[in-house]
Amino acid sequence: MTDETAERGADGAVDDAPTLRTDGGEREGMQHMSLDELREEIESIDRELVELIARRTYVADTIAAVKNERGLPTTDEDQEQRVMDRAGQNAERFDVDANLVKAIFRLLIELNKVEQRERR
(Lines give C-alpha, C1' and ligand atoms only; values in the text may rest on other atoms or scores of the structure.)
Protein backbone atom coordinates (compact mmCIF):
# COMPACT_ATOMS: atom_id res chain seq x y z
CA MET A 1 0.00 0.00 0.00
CA THR A 2 1.26 3.49 -0.78
CA ASP A 3 1.23 6.59 1.41
CA GLU A 4 -1.81 7.88 -0.46
CA THR A 5 -5.35 6.66 0.08
CA ALA A 6 -7.22 5.02 -2.77
CA GLU A 7 -8.86 7.30 -5.31
CA ARG A 8 -12.14 5.45 -5.02
CA GLY A 9 -14.22 5.03 -1.90
CA ALA A 10 -15.86 1.82 -0.70
CA ASP A 11 -18.88 2.66 -2.86
CA GLY A 12 -16.68 2.96 -5.97
CA ALA A 13 -17.18 6.71 -6.29
CA VAL A 14 -14.18 8.84 -7.11
CA ASP A 15 -13.15 10.92 -4.11
CA ASP A 16 -12.29 14.53 -5.02
CA ALA A 17 -10.94 15.32 -1.55
CA PRO A 18 -7.21 15.86 -1.15
CA THR A 19 -5.49 12.56 -0.54
CA LEU A 20 -4.15 11.88 2.92
CA ARG A 21 -0.43 11.28 2.91
CA THR A 22 1.79 10.36 5.79
CA ASP A 23 4.38 12.96 4.76
CA GLY A 24 2.03 15.91 5.35
CA GLY A 25 1.82 16.71 1.64
CA GLU A 26 -1.97 17.05 1.71
CA ARG A 27 -1.61 20.28 3.68
CA GLU A 28 0.04 22.03 0.76
CA GLY A 29 -3.08 21.69 -1.40
CA MET A 30 -5.39 22.65 1.45
CA GLN A 31 -3.58 25.91 2.14
CA HIS A 32 -5.10 27.28 -1.07
CA MET A 33 -8.65 26.47 0.00
CA SER A 34 -10.96 29.10 1.46
CA LEU A 35 -12.18 28.86 5.04
CA ASP A 36 -15.61 27.80 3.80
CA GLU A 37 -14.06 25.09 1.62
CA LEU A 38 -12.01 23.83 4.54
CA ARG A 39 -15.13 23.72 6.73
CA GLU A 40 -16.95 21.80 4.00
CA GLU A 41 -14.05 19.34 3.97
CA ILE A 42 -14.38 18.88 7.75
CA GLU A 43 -18.15 18.37 7.34
CA SER A 44 -17.51 15.69 4.72
CA ILE A 45 -14.93 13.96 6.92
CA ASP A 46 -17.35 14.06 9.87
CA ARG A 47 -20.02 12.32 7.76
CA GLU A 48 -17.49 9.67 6.74
CA LEU A 49 -16.47 9.14 10.36
CA VAL A 50 -20.08 8.61 11.42
CA GLU A 51 -20.62 6.20 8.52
CA LEU A 52 -17.51 4.23 9.54
CA ILE A 53 -18.65 4.14 13.18
CA ALA A 54 -22.04 2.84 12.04
CA ARG A 55 -20.38 0.14 9.91
CA ARG A 56 -18.07 -0.84 12.78
CA THR A 57 -21.02 -0.99 15.19
CA TYR A 58 -22.98 -3.22 12.80
CA VAL A 59 -20.05 -5.65 12.53
CA ALA A 60 -19.54 -5.57 16.32
CA ASP A 61 -23.24 -6.35 16.80
CA THR A 62 -22.88 -9.31 14.44
CA ILE A 63 -19.86 -10.52 16.41
CA ALA A 64 -21.91 -10.21 19.60
CA ALA A 65 -24.66 -12.36 18.10
CA VAL A 66 -22.13 -15.03 17.10
CA LYS A 67 -20.58 -14.96 20.59
CA ASN A 68 -24.03 -15.31 22.14
CA GLU A 69 -24.95 -18.26 19.86
CA ARG A 70 -21.69 -20.00 20.74
CA GLY A 71 -21.87 -19.22 24.44
CA LEU A 72 -18.66 -17.18 24.32
CA PRO A 73 -17.93 -14.41 26.82
CA THR A 74 -18.58 -10.80 25.87
CA THR A 75 -15.03 -9.74 26.67
CA ASP A 76 -11.99 -11.00 24.75
CA GLU A 77 -9.01 -9.18 26.24
CA ASP A 78 -6.53 -10.59 23.72
CA GLN A 79 -8.64 -9.32 20.81
CA GLU A 80 -9.10 -5.94 22.49
CA GLN A 81 -5.33 -5.65 22.86
CA ARG A 82 -4.83 -6.49 19.18
CA VAL A 83 -7.33 -3.76 18.26
CA MET A 84 -5.55 -1.24 20.50
CA ASP A 85 -2.12 -2.18 19.11
CA ARG A 86 -3.42 -1.81 15.56
CA ALA A 87 -4.98 1.55 16.41
CA GLY A 88 -1.63 2.78 17.76
CA GLN A 89 0.22 1.57 14.68
CA ASN A 90 -2.28 3.27 12.36
CA ALA A 91 -2.00 6.49 14.38
CA GLU A 92 1.77 6.47 13.97
CA ARG A 93 1.45 5.73 10.25
CA PHE A 94 -0.66 8.84 9.76
CA ASP A 95 1.23 10.96 12.30
CA VAL A 96 -1.73 11.29 14.65
CA ASP A 97 -1.50 11.31 18.44
CA ALA A 98 -1.58 7.60 19.36
CA ASN A 99 -3.07 8.34 22.79
CA LEU A 100 -5.99 10.17 21.19
CA VAL A 101 -6.64 7.37 18.69
CA LYS A 102 -6.39 4.71 21.39
CA ALA A 103 -8.81 6.66 23.60
CA ILE A 104 -11.34 6.75 20.77
CA PHE A 105 -10.97 3.03 20.15
CA ARG A 106 -11.23 2.28 23.87
CA LEU A 107 -14.52 4.20 23.92
CA LEU A 108 -15.82 2.31 20.87
CA ILE A 109 -14.88 -1.02 22.43
CA GLU A 110 -16.46 -0.17 25.78
CA LEU A 111 -19.69 1.02 24.16
CA ASN A 112 -19.87 -2.19 22.10
CA LYS A 113 -19.37 -4.29 25.25
CA VAL A 114 -22.14 -2.41 27.09
CA GLU A 115 -24.52 -3.05 24.19
CA GLN A 116 -23.51 -6.72 24.08
CA ARG A 117 -24.17 -7.13 27.81
CA GLU A 118 -27.57 -5.41 27.56
CA ARG A 119 -28.68 -7.78 24.80
CA ARG A 120 -27.83 -10.96 26.70
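All residue numbers in this chain count up from 1 along the given sequence.
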Salt bridge (Lys or Arg N to Asp or Glu O under 4.0 Å) between Glu110 and Arg106, intermediate numbers included: CA-CA 6 Å; Glu110 291 304 319; Arg106 175 58 52 208; 3.4 Å; yes

Evaluate side chain to side chain donor-acceptor pair (under 3.5 Å) for Gln81 paired with Asp85, printing each intermediate quantity in order. CA-CA 6 Å; Gln81 188 58 53; Asp85 291 344; 2.7 Å; yes

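Residue Glu80 holds its CD atom at 5.5 Å from OG1 of Thr75, rounded to the nearest 0.5 Å. Atom-to-atom distance recorded for Leu111:CG and Gln116:CD is 11.5 Å, nearest 0.5 angstrom. Within the model, atoms CG of Leu38 and CE of Met33 stand 5.0 Å from one another, a figure rounded to the nearest 0.5 Å. Annotation: the span from Ile45 atom CD1 to Leu52 atom CG amounts to 11.5 Å, rounded to 0.5 Å.
In the hydrophobic clustering of this structure, Leu49 does not group with Phe94; members are Ile, Leu, Val, Met, Phe, Trp, Tyr whose side-chain heavy atoms approach within less than 4.5 Å, directly or through other members.
Residues passing the side chain to side chain contact (heavy atoms under 4.5 Å, CB included) test with Gln79 are Asp76, Arg82, Val83, Arg86, sequence neighbours excluded. For Glu115, the salt bridge (Lys or Arg N to Asp or Glu O under 4.0 Å) criterion is met by Arg119, not counting sequence neighbours.
Considering only heavy atoms from C-beta on, Met30 stays 4.5 Å or farther from Glu37 through its side chain. Arg56 has its side chain out of reach of Asp61: every pair of non-hydrogen atoms, C-beta onward, lies at least 4.5 Å apart. Proximity of Ile53 to Leu108: side-chain heavy atoms (C-beta onward) are separated by under 4.5 Å at one or more points.
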Side-chain donor-acceptor distances from residues 62-70 under 3.5 Å, at least two apart:
unit_1 : atom_1 : unit_2 : atom_2 : d
Thr62  : OG1    : Tyr58  : O      : 3.0
Lys67  : NZ     : Thr74  : O      : 2.7

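Shown here for Ala98 and Ala91, the closest heavy-atom pair between the two residues is CA-CB, 3.7 Å.
Taking 4.0 Å as the cut-off between side-chain N and carboxylate O, Glu43 and Arg39 do not count as a salt-bridged pair.
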